[in-house]
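Reading through the structure tokens given below for one structure.
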2 protein chains.
Amino acid sequence: MAETAGGEALLFLTDEQLRKGIEAMFFAYRGFTADPDRILEGMDYGRAHHRAIHFIHRSPGTTVSNLLSILGVTKQSLNRVLRTLIEDGLVRSEKGRVDARERHLYLTEKGLILERELSDAQRARMRAAYRTAGPAAVAGFRQVLEAMMDPEMRRQYNRLKEGG
Amino acid sequence: MAETAGGEALLFLTDEQLRKGIEAMFFAYRGFTADPDRILEGMDYGRAHHRAIHFIHRSPGTTVSNLLSILGVTKQSLNRVLRTLIEDGLVRSEKGRVDARERHLYLTEKGLILERELSDAQRARMRAAYRTAGPAAVAGFRQVLEAMMDPEMRRQYNRLKEGG
DNA sequence: CTTGGAAAGTCAACAAGGCTGACGTAAATT
DNA sequence: AATTTACGTCAGCCTTGTTGACTTTCCAAG
């Protein structure tokens, strides 16, 4: 599998192979979001709410600013989502004690229940895919995805990966 | 890496590993779409136009119905996008000769130029990621993605993969 | 102590791109 | 002749993103 000096073994870098990868990302991402989307439709929530819930669960007590930089949206956009989650009692917002300008975000019991439901569904699909593909494929999967990220996003990703 | 009867080597299926995969998908997809998004901003087009252009280029002469089932959106949604692309002379729509109800879609010269620009950018990122991760990782990447798709999407994906 | 600036929140307006429902037309099929 | 299919279109709605302008709160530096 290693490439030779002549480069004959670089066939995995042909435009055709790259196109397959691009289309695989497109179709797979649809599957990736399908289950949570299905759960959320009917509730007043959407994918944006799912993302907020996921990362608050992941880093309890995170600030709004931090969440903004992870999600890469404007504060107005995030605020609309957070407001409904707080109003509905899924998220608790606590004024910072060291810096009272900051708001620290936590999932409530109710929030944790929805998070569970969403992530159970998403993990079930991921688990099935992992099991089908096997551990070596999973390692490759993660390597390629990580290499595909913008440097800033890779930083966020690794911070989460280790921090947790 | 192979699992034993006891299952001790199934560590790659832990919730923690699955969560990492989920977050990797999230951050990587952002990178995946970032370059085309950047190119399209400022033009009157968006990600939906990119997708239509990609699959028309991929299957010249495809019908509207076929495109609908690949993209998984409503005809009203697709039509809005196609209309602007046709008006702007990027896509040509031809009445079917065997079945005159169908419209066969093709990229014009102008359409091909934009397609090139978009796919060059997207492939460049994919190529860099592939090169960094190496051929074995790429194989695993594609395996996991394929396993993650809904069956119907996997059918579409494989039809494209072989048909081209 | 005052003031500058950062963090957070809010209001308003807008755009892209999804969706549903209803309707029309041409062509194929039964 | 009647029905079905493929496509287009109008109207209206929702989510989720955007900018811009503004206020409140608070920390920290002058």
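Below, chain A is the first sequence line, B the second, and so on; all start at residue 1.
Note on B/D88 versus B/K110: no salt bridge recorded, every NZ/NE/NH1/NH2 to OD/OE distance being 4.0 Å or above. The pair A/K20-A/E23 fails the salt-bridge criterion, with no side-chain N (NZ, NE, NH1 or NH2) lying under 4.0 Å from an Asp/Glu carboxylate O. With respect to the salt-bridge test (charged N to carboxylate O, under 4.0 angstrom), the residues B/R92 and B/E94 qualify.
As judged by a 4.0 angstrom heavy-atom cut-off over every strand, B/G72 is placed among residues touching the sugar-phosphate backbone only.
Protein atom CZ of B/R83 is 12 Å distant from nucleotide atom C1' of D/dA11, rounded to whole Å. B/L85 places its CG atom 13 Å from the P atom of D/dG8, with the value rounded to the nearest Å. A straight line from CZ of A/R47 to P of C/dG17 spans 14 Å, rounded to a whole angstrom. The NE2-C1' distance, from A/H50 to D/dG17, rounds to 19 Å in whole Å.
A donor and an acceptor atom never sit less than 3.5 Å apart when one is taken from the side chain of B/Q76 and the other from the base of C/dG17. A donor-acceptor contact under 3.5 Å is formed by the side chain of B/R80 with the base of C/dG18.
Between A/I70 and B/F27, the shortest heavy-atom distance links the atoms O-CE2, 3.9 Å. In terms of heavy-atom proximity, B/H104 sits nearest to B/G61 at ND1-O, 2.7 Å.
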Dump the intermediate steps for side chain to side chain donor-acceptor pair (under 3.5 Å) on B/E102 and B/S65, then the final yes or no. CA-CA 8 Å; B/E102 296 182 335; B/S65 287; over 6 Å; no
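The phosphate of D/dT16 (OP1 or OP2) has a side-chain N or O of A/H49 nearer than 4.0 angstrom. The shortest distance between the side-chain N/O atoms of A/R51 and the OP1/OP2 oxygens of D/dG17 is below 4.0 Å. Considering only side-chain N and O atoms, B/T74 lies under 4.0 angstrom from the phosphate OP1 or OP2 of C/dC19.
With ring centers used as reference points, A/F26 lies under 6.0 Å from B/F55.
The stretch residues 31-45 of chain A has no heavy atom under 4.0 angstrom from DNA chain D at all.
Looking at A/S119 and A/H54, their side chains never bring a donor and an acceptor atom within 3.5 Å of each other.
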Under 3.5 Å, which N/O atoms of the protein pair with N/O atoms of nucleotides 2-7 of chain D?
{"from": "D/dT5", "atom 1": "O4'", "to": "B/R101", "atom 2": "NH1", "distance (Å)": "3.4"}
{"from": "D/dT5", "atom 1": "O2", "to": "B/R101", "atom 2": "NH1", "distance (Å)": "3.0"}
{"from": "D/dC7", "atom 1": "OP1", "to": "B/V64", "atom 2": "N", "distance (Å)": "3.4"}
{"from": "D/dC7", "atom 1": "OP1", "to": "B/R103", "atom 2": "N", "distance (Å)": "3.4"}
{"from": "D/dC7", "atom 1": "OP2", "to": "B/S65", "atom 2": "N", "distance (Å)": "2.7"}
{"from": "D/dC7", "atom 1": "OP2", "to": "B/S65", "atom 2": "OG", "distance (Å)": "2.0"}
{"from": "D/dC7", "atom 1": "N4", "to": "B/K75", "atom 2": "NZ", "distance (Å)": "3.0"}

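Tested against A/Y45, the residues A/V81, A/L90, A/I53 include a single side chain to side chain contact (heavy atoms under 4.5 Å, CB included) partner, A/L90.
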